[in-house]
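Lettering follows sequence order; numbering is per chain, from 1.
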Amino acid sequence: MKKPLEALLRDACERATKGGELLTTTLPPLLLTVPKEPEHGDLASNLALVLARSERRPPPAVAETIVRHLDDRDGILASVEIAGPGFINFRFAPAYWWALLRDVEVAGEAYGRSAIGAGRKVQLEFVSANPTGPLHVGHARGAVTGDALARLLAATGHDVAREYYVNDAGNQIAMLGASTYARYAERCGRAVPFPEDGYRGDYVREVAAAILAREGERLMQLDPAEASTYFGDAAGAILLDAIRDDMAALAIDFDHYVSERRLRAEGAVAATIAALEKAGYVYEADGARWFRSTAFGDDKDRPLVKTGGEFTYFAADVAYHRAKYAAGYERIIDVWGADHHGHVPRMKAAMQALGLDPARLEVVLVQIVSLTRHGEPVRMGKRSGEFVTLREIVDEVGADATRFFLLMRKSDAQLEFDLDLAKERSAENPVFYVQYAHARVASVFRAAEATGLDRAAATAGDPTRLTEDDELALIRRVAQFPEVVEGAALELEPHRVVFFLMELAGDFHRYYNRTRILGDDRELAAARLLLVANVQKTIRAGLGILGIAAPDTM
RNA sequence: GCGCCAGUAGCUCAGGUGGACAGAGCAACGGCCUUCUAAGCCGUAGGUCAGGGGUUCGAGUCCCUUCUGGCGCGCCA
């Protein structure tokens with residue numbers, strides 16, 4: 001929508017410069033914005049305000065010069081006005097919108113997709129929760145955000161891989177093993193002391209019972225150390241399967257699950273520490289080995305190897321990120337809980353120390369989710385083990401509403417999730433509001449079939465019959481979609497797509513209520529079908545980017 | 001103590017990289033169905049953008065500072 005106008009403006013400035021009427025030879029980036037106020041036209045430029053200083057003339061005078069050189073050969077503009085402090089306001093001619101609607105129709109299902117990613121390899125790592133228990137709402141937000149980002153980047157021409165890093169080694173798994181073993185023994189009628197900081201959730205009992213059912217009591221013969229290892233592996237595997245199921249319930253599919261244990265076993269961690277050492281950023285102190293992250297602006301040095309000789313979590317994570325670079329990803333995006341924000345500088349420091357470009361690593365931080373029900377906050381205590389699981393949410397409100405609600409906010413802002421609202425089947429519930437707009441169009445088409453008008457008739461519809469203001473405004477909204485997708489991808493902000501969809505759905509519902517689509521004038525009806533078909537397509541594409549279904553009936 | 005993030009209408013939140021008089025949606029009140037889904041639409045209201053300073057033609061947006069809230073600052077992961 002902006003491109004043709006940008007070209008016109010650029011031409012105008014060039015001519016003015018040649019004619020000696022503008023001093024500037026290098027234009028600032030042309031900024032065309034969609035004004036909030038409809039009276040300010042379809043697009044507005046602040047070019048004259050930006051240039052005023054270097055031109056040593058007041059903005060309106062500069063604007064006048066630019067406008068005088070505009071050459072609208074194709075007649076896409078209906079009006080050009082200089083307004084306010086020196087804005088140039090453009091209004092497109094109906095013919096422009098009609099042509100645009102045709103373009104959208106021709107683009108078909110690819111509408112909104114772009115190639116700005118140029119096939120660049122991008123890896124998104126998200127969730128990566130330890131397989132030591134069920135996922136909760138916080139994980140759900142990270143999961144949905146990561147997946148939506150992946151879809152967004154894929155839609156903009158990136159080559160995307162989704163990855164889940166499985167922390168299947170280290171203390172947490174050992175603790176899970178000890179906890180599960182204790183529950184197993186309990187079931188076998190044997191007393192094995194429950195570990196001090198063990199996992200007390202009921203799910204550990206269920207996992208123990210599952211292992212008992214599978215293996216019988218024979219595991220009681222293992223010595224306690226062996227048993228803990230066995231149970232850590234077995235319980236971790238069972239819980240990881242449950243996590244995969246949870247992801248599937250949210251329509252999320254990972255390309256790779258990367259095992260921390262495997263990284264360790266393959267020597268990647270040791271090799272990474274050796275590389276850091278070779279670069280001169282490792283030293284020994286207090287019996288441990290440290291990474292000198294302070295050399296890169298971190299506020300403390302970080303341990304890589306504990307006194308006991310064990311690798312730290314950090315060491316393994318550095319090795320993992322090093323492997324991502326080695327795998328050839330041009331962009332590496334991590335979705336982390338906001339409580340991990342402190343890890344960003346040290347991870348980037350480690351990459352830099354390894355001679356890797358830290359700018360290729362981007363971290364999207366996801367803030368906490370608070371649940372409300374009946375207007376009251378749902379209390380969640382991590383200690384008590386009383387948290388609402390991801391599965392419970394999905395079972396209660398459905399995958400579509402879960403995804404939509406978790407994507408409604410900027411990821412680094414805290415989010416309130418109203419469970420009652422998410423379940424409501426009314427206009428108050430934004431996900432239904434948007435899906436209903438899609439279904440309504442489908443319903444119009446069902447009614448149209450009865451009168452002999454079908455999708456083909458819509459395709460053949462004559463856009464020049466669309467002369468109402470709200471019809472042109474609807475095209476304008478649809479025309480913004482590719483730019484919204486691009487902006488969302490560029491800024492890694494899926495919530496922009498959500499807001500766009502709510503606005504588009506609103507425009508459509510208003511139009512629907514005001515305008516009879518299937519009137520007596522068949523030609524007009526066909527034109528209107530063309531319009532709403534493309535509204536529907538745009539909604540479907542937008543929902544697709546969010547991983548949400550676009551139903552034909554509600 | 002140091003660092004990061006936030007503070008916008010009664011509530012939940014937007015404010016495409018500094019632009020025009022600050023925007024939605026809830027909640028409240030009043031209207032609209034012999035016609036394609038009323039699971040919808042229309043109308044009415046609300047603000048010292050936490051406070052204070054600064055940068056500039058112009059600040060919710062950038063800088064400094066104070067206050068308030070969240071989170072980090074482990075040889076935990």
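Using a 4.0 Å cut-off on heavy atoms, the residues of residues 170-180 of chain A that approach RNA chain B are A/N171, A/Q172, listed by number.
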Output one line per pair: protein atom, nucleotide atom from nucleotides 3-11 of chain B, and distance, for all N/O pairs under 3.5 Å.
{"residue": "B/G3", "atom": "N2", "partner": "A/H341", "partner atom": "NE2", "Å": "3.1"}

Any protein N or O atoms within reach of nucleotides 28-32 of chain B? Criterion: under 3.5 Å, listing atom names and distances.
none

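Side-chain atoms of A/Y512 lie closest to B/C36 of the nucleotides B/U12, B/C36, B/C21. Nearest nucleotide to the side chain of A/R409, out of B/C36, B/G19, B/C13: B/C13. Comparing B/A77, B/C42, B/C36 by their closest approach to the side chain of A/R510 singles out B/C42.
Nucleotide B/C71 is shown with an anti base, its glycosidic torsion being more than 90° from 0.
A/Y433 has a side-chain polar atom (N or O) that falls below the 4.0 Å cut-off from OP1 or OP2 of B/C41.
Here B/U48 sits opposite no nucleotide as a Watson-Crick or G-U wobble pair (both hydrogen-bonding atom distances under 3.5 Å). Within the shown strands, B/G31 is the pairing partner of B/C41 under the Watson-Crick or G-U definition, both distances less than 3.5 Å. The partner of B/G23 is B/C13, judged by Watson-Crick or G-U wobble contacts that both fall below 3.5 Å.
Under a 3.5 Å cut-off, the side chain of A/T180 and the backbone N or O of A/F231 do not form any donor-acceptor pair.
As judged by a 4.0 angstrom heavy-atom cut-off over every strand, A/H340 is placed among the base-contacting residues.
Between A/R465 and A/D521 there is a salt bridge, with a side-chain nitrogen of the basic residue lying less than 4.0 Å from a carboxylate oxygen of the acidic one. A salt bridge links A/K324 with A/E125: the closest approach of a Lys/Arg side-chain nitrogen to an acidic carboxylate oxygen falls below 4.0 angstrom. Of the charged side-chain nitrogens involved, none lies within less than 4.0 Å of a carboxylate oxygen, so that A/D470 and A/R476 do not count as a salt-bridged pair.
Rounded to the nearest Å, the gap between the C1' atom of B/A27 and that of B/U66 is 34 Å.
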